[in-house]
> 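This is the structure I have questions about; it appears just below.
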Amino acid sequence: MYRAHVLVCGGTGCTSSGSAQIIEMFKREIKNNGLEEEISVVQTGCHGLCAEGPVVIIQPEGIFYARVQLDDVEEIVAEHLLKGRVVERLVYHDAKKYDGFASLNETVFYKKQHRIALRNCGVINPESIDEYIGTGGYEALGRVLTEMTPDEVIQTILDSGLRGRGGAGFPTGLKWKFASGNRGNVQKYVCCNADEGDPGAFMDRSVLEGDPHVVLEAMAIAGYAIGASQGYIYVRAEYPIAVERLNIAIGQAKEYGLIGKNIFDTGFDFDIELRLGAGAFVCGEETALMTSIEGNRGEPRPRPPFPAVKGLFESPTILNNVETWANIPQIIINGPEWFSSMGTEKSKGTKVFALGGKINNTGLVEIPMGTTLRTVIEEIGGGIPNGKKFKAAQTGGPSGGCIPAEHFDIPIDYDNLISIGSMMGSGGLIVMDEDTCMVDIAKFFLQFTVDESCGKCTPCRVGTKRLLEILEKITSGRGTVEDIDKMEELCYYIKENAQCGLGQTAPNPVLSTLRYFRDEYMEHVVNRHCPAGVCKKLITYKIDPIKCKGCTLCARNCPVDAIEGSVKTAHSIDPSKCVKCGTCIDKCRFGAIYKE
């Protein structure tokens, strides 16, 4: 029995900051101090507060050390683990209280969260099936196979109100019910969509890295419910840690008899295999994903027929994303009423968001549906850096839209977001401040969509390129008012005629920015001016002759020699040479250089 556990984040973010080396250093220092029988070192998944990584949590006290470096390990072992004295300088700032130290769940970042899909992330070793079982893992599968009929399982999921967490929010139980006919008479499949491609999204990756067994257990439950014996997890190859831990988990589950033949001696067979994607965004669309699993080019197929009728290998198939699967075992264990008691009337449970952009607490959060955007950004997210004002939040990735400040207090759920021109999507939430150009944001997402279009249908292949060309024309100072009208008309044409969800939702970032920030578009085309100072061809760098001290620092650092002037005399910028890189503003000590 260990008296203490050192939990070190082993998610992608902290791993990139050296957490693997920190783990090895802890093991070495603990051994050198003769504590290896008393203290364990556990590599976990993501704790959520990525901005403060590498993260180290000491249990059972719950002391939260942030931004730990290799040089800090010896001090933590010598002071905290050996002498019982907390290393205050390393404690996460919000965990420092007048009367001691707050635990993880008492900090502002965590106390308004409710972790269901993320319940084991940052808590257990994701490479240990025993630790997963120790937290109740595979209990739901055992209960389903020994105490429930397949129809009872489906009804439980229906009663919970769980909606798919990967995009449009289709009721999960209804999808399972559609695929449940003819059990035992036809081959069926269960698929997991782990092809997380939205810019700024890392929710599914974190679940796979921190709690891979929950996906395996949930897929086996679904297999029993619809009468399937084979499952596939489609995960992008750019997630090497997730892929490695999934392979480990599958091997362990097979060894323990929890997937494979005759699970729990019930006669139920269910196997799972991985399929690696090559990073094509379109393969996040369910029919394109299945086409890719079959070994073909990942292109969408017309619907109907829907996958529940004719999916993978032309057989009935259900597909849910990682976060959806992560909720299933807890619904079985705690009951549908428990899950449906959280959230809003039409959006039950919780939602995981990857919080990024202009926000202090970058990271992974799980909140009850109905939590306001203001709560997420100002409280959990810690607000906007440098005292800047909130301008907009982008949800749903390239398929979503921008939420302006006027909707800062909107409760976040599926229907509310759609009503204001955005969507939940898989859960990326990118925060933008007053220095963001909304026309440039629309152009960024259109560039992504153009690059990722599979090219199968003309509205998406050609239409998105035409949209991008108009946006480039506007941001370069050549746009007209007629271009804005033409662009809006084209957006609706693409939405109505593209074949798959990628094309149909591609215009959303343009439409939402036109809806709430049309004045910025007009400023670009009428006054040839970018209010945020982002679009380079619409701004000019100037030097205030009164503030300029003639120190020559700007001229010496200009990469294209566009700044002229002698020592102790006011300098000037030659606009014909200036490439608008911003180096001069960064170097000026007197605030003499500005954008106009």
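As a basis for the values below, the full set of heavy atoms in this structure was taken, side chains included, without hydrogen atoms, waters or symmetry mates.
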> Give a yes or no on whether a salt bridge exists between Glu75 and Arg89, defined as a side-chain N under 4.0 angstrom from a carboxylate O.
yes

> Taking the side chain as C-beta and beyond, is there a heavy-atom pair between Ile367 and Lys112 under 4.5 Å?
no

> Please check if the side chain of Asp269 supplies one atom and the backbone of Lys261 the other of a donor-acceptor pair under 3.5 Å.
no

> For the pair Tyr224 (side chain) and Met148 (backbone), establish whether a donor and an acceptor sit closer than 3.5 Å, ignoring hydrogens and angles.
yes

> What I'd like to find out is whether the side chain of Ser399 reaches to under 4.5 Å of the side chain of Met423, using heavy atoms alone.
yes

> Check this for me: Arg3, atom CZ, are more than 12 non-hydrogen atoms of other residues, nucleotides or ligands nearer than 6.0 Å?
yes

> Would you please test Ile250 and Leu216 for side chain to side chain contact (heavy atoms under 4.5 Å, CB included) and show each step?
CA-CA 8 Å; Ile250 290 172; Leu216 308 188; 3.9 Å; yes

> Do other residues, nucleotides or ligands put more than 12 heavy atoms under 6.0 Å from the CD atom of Glu378?
yes

> Quick one: do Lys351 and Glu366 make a salt bridge, cutoff under 4.0 Å?
no

> Check Glu127 with Arg245, please: is the shortest side-chain N to carboxylate O separation under 4.0 Å?
yes

> In this structure, are over 12 heavy atoms from other groups packed under 6.0 Å from Glu273 atom CD?
yes

> For Lys348 and Met342, run side chain to side chain contact (heavy atoms under 4.5 Å, CB included): C-alpha distance rounded to whole Å, both residues' side-chain angles, the deciding distance at 0.1 Å, then the answer.
CA-CA 6 Å; Lys348 305 297 185 182; Met342 295 174 279; over 6 Å; no

> So, taking the atom named OG1 in Thr107 and the one named CG in Asn361, what distance separates them when rounded to the nearest 0.5 Å?
9.0 Å

> Show your reasoning for whether ring-ring contact (aromatic ring centres under 6.0 Å, His included) applies to Phe313 and Tyr189.
CA-CA 9 Å; Phe313 302 115; Tyr189 297 97; 5.6 Å; yes

> Is it the case that Ser340 and Ser160 place a side-chain donor and acceptor less than 3.5 Å from each other?
no

> Hey, does the side chain of Ser16 reach the backbone of Gly13 with a donor-acceptor pair shorter than 3.5 angstrom?
yes

> For Arg205, is there an ion pair with Glu196 - N to carboxylate O distance below 4.0 angstrom?
no

> Is it true that a side-chain atom of Arg297 and a backbone atom of Cys454 form a donor plus acceptor pair closer than 3.5 Å?
yes

> Might you work through the side chain to side chain contact (heavy atoms under 4.5 Å, CB included) test for Ile23 and Met25, ending with a clear yes or no?
CA-CA 5 Å; Ile23 291 170; Met25 180 68 81; over 6 Å; no

> Does Glu147, at its CD atom, have more than 12 non-hydrogen atoms belonging to other residues, nucleotides or ligands within less than 6.0 Å?
yes

> Cut-off 3.5 Å, side chains only: do Thr15 and Thr12 have a donor facing an acceptor?
no

> Can you check whether Val352's main-chain N or O pairs, donor with acceptor, with Glu323's side chain at less than 3.5 Å?
yes

> Verify whether one side chain among His114 and Thr350 offers a donor that lies under 3.5 Å from an acceptor in the other.
no

> Give me the atom names and distance for the closest heavy-atom approach of Ala201 to Ala354.
CA-CB, 4.1 Å

> Using only atom types and a distance under 3.5 Å, with no angle test, would you say the side chain of Glu152 pairs donor to acceptor with the backbone of Thr149?
yes

> Do Thr291 side-chain atoms and Gly298 backbone N/O form a donor-acceptor pair below 3.5 Å?
no

> Between Ser292 and Glu294, is any side-chain donor less than 3.5 angstrom from a side-chain acceptor?
no

> Quick one: does Gln69's side chain have a donor or acceptor within less than 3.5 Å of a partner on Asp72's backbone?
no

> Are side-chain N/O atoms of Ser315 and Gln187 paired as donor and acceptor at under 3.5 Å?
no

> Which distance, rounded to the nearest 0.5 Å, do you find between the CG of Asn321 and the CG of Asn193?
6.5 Å

> May I ask you to check if Arg163 and Phe170 form a cation-pi contact, with NZ or CZ under 6.0 angstrom from the six-membered ring centre and within 45° of the axis?
no

> Using a strict cut-off of less than 4.0 Å between a Lys/Arg side-chain nitrogen and an Asp/Glu carboxylate oxygen, indicate whether Asp271 and Lys254 qualify as a salt bridge.
yes

> Between the side chains of Tyr132 and Gln252, does any donor sit under 3.5 Å from an acceptor?
no

> Drop me the distance from Phe268's CZ to Ile221's CD1, to the nearest 0.5 angstrom.
9.5 Å

> Measure the spacing between CG of Asn327 and CZ of Arg119 and express it to the nearest 0.5 Å.
11.0 Å

> More than 12 heavy atoms of other residues, nucleotides or ligands under 6.0 Å from NZ of Lys358: is that the case?
yes

> Show your reasoning for whether side chain to side chain contact (heavy atoms under 4.5 Å, CB included) applies to Met219 and Ile272.
CA-CA 8 Å; Met219 291 177 68; Ile272 296 176; 4.2 Å; yes

> Whether the side chain of Glu217 engages the backbone of Ala140 through a donor-acceptor N/O pair (distance < 3.5 Å, no angle test) should be reported.
yes

> Is the closest side-chain donor-acceptor distance between Tyr110 and Asp94 under 3.5 Å?
no

> Looking only at side-chain N and O atoms, does Asp413 offer a donor or acceptor that is under 3.5 Å from a partner on Thr344?
yes

> Scan side-chain atoms only and decide if His80 and Glu61 contain a donor-acceptor pair under the 3.5 Å cut-off.
yes

> For the residue pair Thr156 / Asp159, report whether a side-chain donor-acceptor contact shorter than 3.5 Å exists.
no

> Sequence neighbours excluded, which residues qualify as ring-ring contact (aromatic ring centres under 6.0 Å, His included) partners of Phe281?
Phe448

> Indicate every side-chain donor-acceptor pair of residues 29-36 with a distance under 3.5 Å to a residue at least two apart or in another chain.
residue : atom : partner : partner atom : Å
Asn32   : ND2  : Arg28   : O            : 3.3
Asn33   : ND2  : Glu29   : O            : 2.7

> If we ignore hydrogens and angles and just use 3.5 Å, is the side chain of Asn262 paired with the main-chain N or O of Gly267 as donor and acceptor?
yes

> Rounded to the nearest 0.5 Å, what separates atom CD1 in Ile333 from atom CD1 in Ile328?
12.5 Å

> Taking atom CD1 of Ile157 and atom CH2 of Trp176, what is their separation to the nearest 0.5 Å?
4.5 Å

